[in-house]
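Contents: one structure, followed by commentary.
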Amino acid sequence: MEKRPHLDIVLCAPRGFCAGVDRAIQIVELALEKYGAPVYVRHAIVHNKYVVEGLKAKGAVFVEELDEIPETESPVVFSAHGVPKSVPADARSRNMFFLDATCPLVSKVHVEAQRHFEEGHEIVLIGHEGHPEVVGTMGQLPPGAVTLIETVEDANRFVPKNPDTLAFVTQTTLSVDDTREIVAALKARFPAINGPHKEDICYATTNRQEAIKAVAPMVEAMIVVGSPNSSNSQRLVEVALRAGCRIATLVDRASEIDWSVYGDIKSLGVSAGASAPESLVVEVLDAFAARYDVKVETKTTAEERIAFNIPKVLRTLETASGR
Ligand code: 0CM
Ligand code: SF4
């Protein structure tokens with residue numbers, strides 16, 4: 001048998017599931033257990049194809065908007081990314097039984113935006129247009145109350161109604177480095193701007209970017225496990241490239257790996273976005289182990305011990321109260 005080439009694999013830690021994703025998936029799974037199929041889910045519960053397919057197989061039905069759901073007693077779950085205020089309002093008016101899987105760290109940003117608004121601030125949201133979290137955060141306030149800024153150029157062009165009453169909030173899954181620059185541009189122009197200490201990027205996004213930064217300069221290529229619609233996973237690929245790694249690719253799972261890219265590399269870094277299950281990381285490691293003589297070590301840059309409570313109604317399997 002031909003001798004397999006040696007490959008040093010460095011696994012980034014932390015990687016993969018965060019507390020908000022874990023909670024959101026549990027909400028759908030527990031709702032299926034407690035109430036039976038179907039459980040409707042508004043938007044991909046988290047941005048991972050494999051997770052969505054797995055839940056579909058168990059009886060979850062995914063929709064983009066509530067009006068796609070027939071009149072039903074079945075639960076309706078809102079995705080981890082959060083929803084505009086109009087969504088729970090609409091669900092209530094249609095007498096739907098809904099469970100909100102919005103990550104508590106996204107809800108925190110909603111509360112911040114609301115507070116700024118009540119204090120009379122004009123609000124800037126740093127984020128990516130069209131992303132469901134951005135749609136949800138903007139939708140906490142009346143139309144026109146929040147201006148979206150995506151880049152330093154946007155920050156430099158922005159004309160506020162009153163520069164003295166500004167405040168900013170951010171999407172939770174942005175690039176830490178890009179966001180720092182955008183915040184700096186805003187602060188340079190509007191020194192009185194209100195906002196969080198740094199930004200609203202969550203611990204999971206920050207830690208996964210830090211881990212990639214530590215590993216990317218040590219390896220010839222990086223693989224990030226995650227789906228293309230996952231903002232935080234896409235950011236990990238960018239961070240790897242910027243940290244000096246020549247090859248960095250996002251793959252949903254092992255079957256997507258383009259082997260022609262790796263050839264005779266001697267070292268590889270592996271990470272996973274916050275919505276990517278560890279089983280898919282293992283699948284990728286196994287695929288490399290089938291082609292290379294691999295040695296795997298883990299580079300740990302932070303410990304994570306955060307867990308979020310699931311809604312009370314799902315903590316018991318009793319349905320005595322009807323729901
Ligand atoms: O926001 P993003 O596109 O990264 O979502 P995701 O489902 O991949 O990751 C978890 C979250 C949130 C909010
Ligand atoms: Fe919450 Fe951050 Fe995970 Fe998004 S990536 S679900 S904000 S912990």
Side-chain angles (χ1 to χ4, degrees), residues 12 14-28 41-55 60 62 64 77-84 87 100-113 125-140 148 150 169-176 178-179 196 198-212 224-239 250-253 271-278 280-281 302-310:
C12 296
R15 63 176 178 280
F17 277 12
C18 60
V21 162
D22 202 51
R23 172 179 180 269
I25 297 171
Q26 269 198 65
I27 289 176
V28 180
V41 186
R42 183 190 178 279
H43 191 70
I45 185 73
V46 298
H47 289 153
N48 188 274
K49 211 161 109 187
Y50 177 87
V51 169
V52 167
E53 292 305 323
L55 292 172
F62 289 86
E64 280 309 311
V77 181
F78 303 154
S79 84
H81 316 95
V83 290
V87 172
D100 190 353
T102 302
C103 175
L105 299 179
V106 174
S107 301
K108 184 174 149 240
V109 179
H110 292 180
V111 171
E112 258 172 55
L125 167 63
I126 304 171
H128 297 298
E129 186 165 21
H131 188 282
E133 185 182 325
V134 162
V135 175
T137 301
M138 293 187 89
Q140 298 305 303
L148 180 66
E150 294 191 82
V169 292
T170 79
Q171 193 178 331
T172 57
T173 51
L174 300 176
S175 148
V176 172
D178 287 351
T179 309
K198 283 196 207 151
E199 19 65 5
D200 298 301
I201 299 172
C202 73
Y203 80 96
T205 300
T206 307
N207 289 347
R208 280 150 194 68
Q209 289 179 18
E210 276 304 309
I212 288 251
V224 176
V225 182
S227 287
N229 59 341
S230 168
S231 167
N232 79 85
S233 307
Q234 292 281 12
R235 301 294 80 80
L236 293 180
V237 174
E238 287 171 11
V239 169
L250 184 69
V251 294
D252 243 311
R253 60 189 309 173
S271 183
S275 46
E278 183 65 9
L280 299 185
V281 175
E303 301 282 348
E304 293 180 344
R305 285 187 195 86
I306 297 183
F308 296 129
N309 285 336
I310 50 164

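Numbering of ligands and ligand atoms starts at 1, following listing order.
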4.0 Å heavy-atom contact, Ile45 with ligand 1
no

Looking only at side-chain N and O atoms, does Ser175 offer a donor or acceptor that is under 3.5 Å from a partner on Glu238?
no

Note, Pro277 side chain near Val51 side chain (heavy atom, < 4.5 Å):
yes

Give the atoms of ligand 1, by number and element, whose distance to some non-hydrogen atom of Ser231 is under 4.0 Å.
2 (P), 3 (O), 4 (O)

Note: ligand 1 atoms sitting under 4.0 Å from heavy atoms of Ser275 are 6 (P), 7 (O), 8 (O), 9 (O)

Within the 4.0 Å heavy-atom shell around Asn229, which atoms of ligand 1 are there?
3 (O)

Does Gly16 offer a backbone N or O that forms a donor-acceptor pair with the side chain of Arg208 under 3.5 Å?
yes

Return the residue, atom name and 0.1 Å-rounded distance of the protein heavy atom closest to atom 10 (C) of ligand 1.
Val21 CG2, 3.5 Å

Note, atom 3 (Fe) of ligand 2 has protein N, O or S atoms under 2.8 Å numbering 1

Nearest non-hydrogen protein atom to atom 7 (O) of ligand 1, with distance, is His47 N, 2.7 Å

For a quick check under 3.5 Å, do Ser227 and Asp252 share a side-chain donor-acceptor pair by atom type?
yes

Does ligand 1 have any atom sitting under 4.0 Å from a heavy atom of His131?
yes

Over all heavy atoms of both residues, which pair between Ala44 and His81 is shortest? Give the atoms and the distance, please.
O-CE1, 3.4 Å

Which part of Thr205 is near ligand 1, with near meaning a heavy atom under 4.0 Å away: side chain, backbone, both or neither?
neither

contact_flag Ala80 ligand 1 heavy-atom lt 4.0 Å
yes

What protein heavy atom is closest to atom 9 (O) of ligand 1, reported as residue, atom name and distance in Å?
Asn232 ND2, 3.0 Å

What part of Val46, side chain from CB on, backbone N/CA/C/O, both or neither, has a heavy atom under 4.0 Å from ligand 1?
both

Return yes if some donor-acceptor pair links the side-chain N/O of Gln26 with the main-chain N/O of Val21 below 3.5 Å, else return no.
no

Applying a heavy-atom cut-off of 4.0 Å, say which part of Cys103 lies close to ligand 1: side chain, backbone, both or neither.
neither

With only distance considered, is Ser233 within less than 3.5 Å of ligand 1 through an N or O on each side?
no

Provide, to 0.1 Å, the distance between atom 12 (C) of ligand 1 and the closest protein heavy atom, together with that atom's residue and name.
His81 CD2, 3.7 Å

May I ask you to test the Thr137-His110 pair for a side-chain heavy-atom distance under 4.5 Å?
yes

